[in-house]
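Here is the structure we will look at.
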Amino acid sequence: MLWIKSLHIVFVASWFAGLFYLPRIYVNLAMVPAGSDAERDRLLLMARKLLRFTTLLAIPAIAFGLMLWLHYGIGKGPGNGWMHAKILVLVLVLGYHHACGSLLRKFEAGTVARSHVWFRWFNEVPVVLLLVAVILVVVKPF
C-alpha cells in the first residue's frame, strides 16, 4: 500500500505542477501584442504540450487514488467525511483541468476576451484546491 500511496502523491504533485504553470502561459498569451505571431505561436505550442503532459499525469494520479480508496479502503467507513470532501475537491480539479483545455482552444481560435489580470486570478485556483485537499487528507477534520 505504501508504494501505491507514494506513487499517488508523486503523480498528484506532478499533475498540479502542470496546473500551476499552464495558466501562467495563458497570462503571457493574454499579454502578447497584436502582430507578434511568432511569440503567440511559441506560447501556444508550449501550452498544448503542457496540457497534454498534464493530462497524462492526471490519469495515474486518479488511478492510484482510486486504488487506495477502493482496494485498500482508505477513507471508507464511518468518520471519514473528509474523503467525501476530497472527492468533491477532485471533481473541482477535474473541472479546472477541463477549463484549462477549453481556454487553450479559445486562445488557438483567437476568441479569448479575458485580460491577463483575470488569468492571474485564475492561476490561483489550483493553489487553493491543493491546499484544501492536503488539509483534508492530513487533518481529517470530519
**Asked** Using a side-chain heavy atom cutoff under 4.5 Å and only I, L, V, M, F, W and Y, what cluster partners does Trp121 have?
**Response** Val117
**Asked** Please, which pairs that meet salt bridge (charged side-chain N to carboxylate O under 4.0 Å, His left out) have at least one residue in residues 27-42, sequence neighbours excluded?
**Response** none
**Message:** Please give the remaining members of the hydrophobic cluster of Leu131, linking ILVMFWY side chains under 4.5 Å, ordered by chain and number.
**Reply:** Ile135, Val139
**Message:** Considering only residues two or more places apart or on different chains, which pairs with a residue in residues 120-142 satisfy salt bridge (charged side-chain N to carboxylate O under 4.0 Å, His left out)?
**Reply:** none
**Request:** Look up atom CD1 in Ile74 and atom CG in Leu66, then write down how far apart they are to the nearest 0.5 Å.
**Result:** 12.0 Å
**Message:** Let me check something: do Trp118 and Phe20 share a hydrophobic cluster, defined by ILVMFWY side-chain heavy atoms less than 4.5 Å apart, either directly or through other members?
**Reply:** yes
**Prompt:** Could you state the interatomic distance from OG (Ser14) to CG (Leu19), rounded to the nearest 0.5 Å?
**Reply:** 11.0 Å
Which atom pairs, one a donor and one an acceptor, fall under 3.5 Å between side chains of residues 86-99 and the rest of the protein, sequence neighbours left out?
residue, atom, partner, partner atom, Å
Tyr96, OH, Phe122, O, 2.8
His97, ND1, Trp15, NE1, 2.9
His97, NE2, Thr55, OG1, 2.8

**Request:** Using a 4.5 Å cut-off on heavy atoms from C-beta on, say whether the side chain of Phe119 contacts that of Pro23.
**Result:** no
Please set out all donor-acceptor pairs under 3.5 angstrom arising from side-chain atoms of residues 25-32, sequence neighbours excluded.
residue, atom, partner, partner atom, Å
Tyr26, OH, Cys100, O, 2.6
Asn28, ND2, Arg24, O, 3.4

**side-chain hydrogen bond (donor to acceptor under 3.5 Å, both in side chains) pairs, two or more places apart, involving residues 63-72** = none
**Item:** Sequence-distant partners of Pro78, side chain to side chain contact (heavy atoms under 4.5 Å, CB included), two or more places apart
**Value:** none
**Asked** What closest approach, in Å, do Leu130 and Phe16 show between heavy atoms, and which atom pair accounts for it?
**Response** CB-CE2, 3.7 Å
**Fill in**
What one should report as the nearest heavy-atom pair of Gly75 and Trp82 is CA-CZ2, 3.8 Å
Less than 3.5 Å apart, which donor and acceptor atoms pair up between the side chains of residues 1-12 and the rest of the protein, not counting sequence neighbours?
residue, atom, partner, partner atom, Å
Ser6, OG, Leu2, O, 2.8
His8, ND1, Ala61, O, 2.8
His8, ND1, Gly65, N, 3.3

**Asked** By side-chain hydrogen bond (donor to acceptor under 3.5 Å, both in side chains), which residues pair with Arg48, not counting sequence neighbours?
**Response** Glu108
**Prompt:** In the single-linkage hydrophobic clustering (I, L, V, M, F, W, Y; side-chain heavy atoms under 4.5 Å), do Leu56 and Leu50 co-cluster?
**Reply:** no
**Request:** Apply side chain to side chain contact (heavy atoms under 4.5 Å, CB included) to Val138 and list each qualifying residue two or more places apart in sequence or on a separate chain.
**Result:** Val134
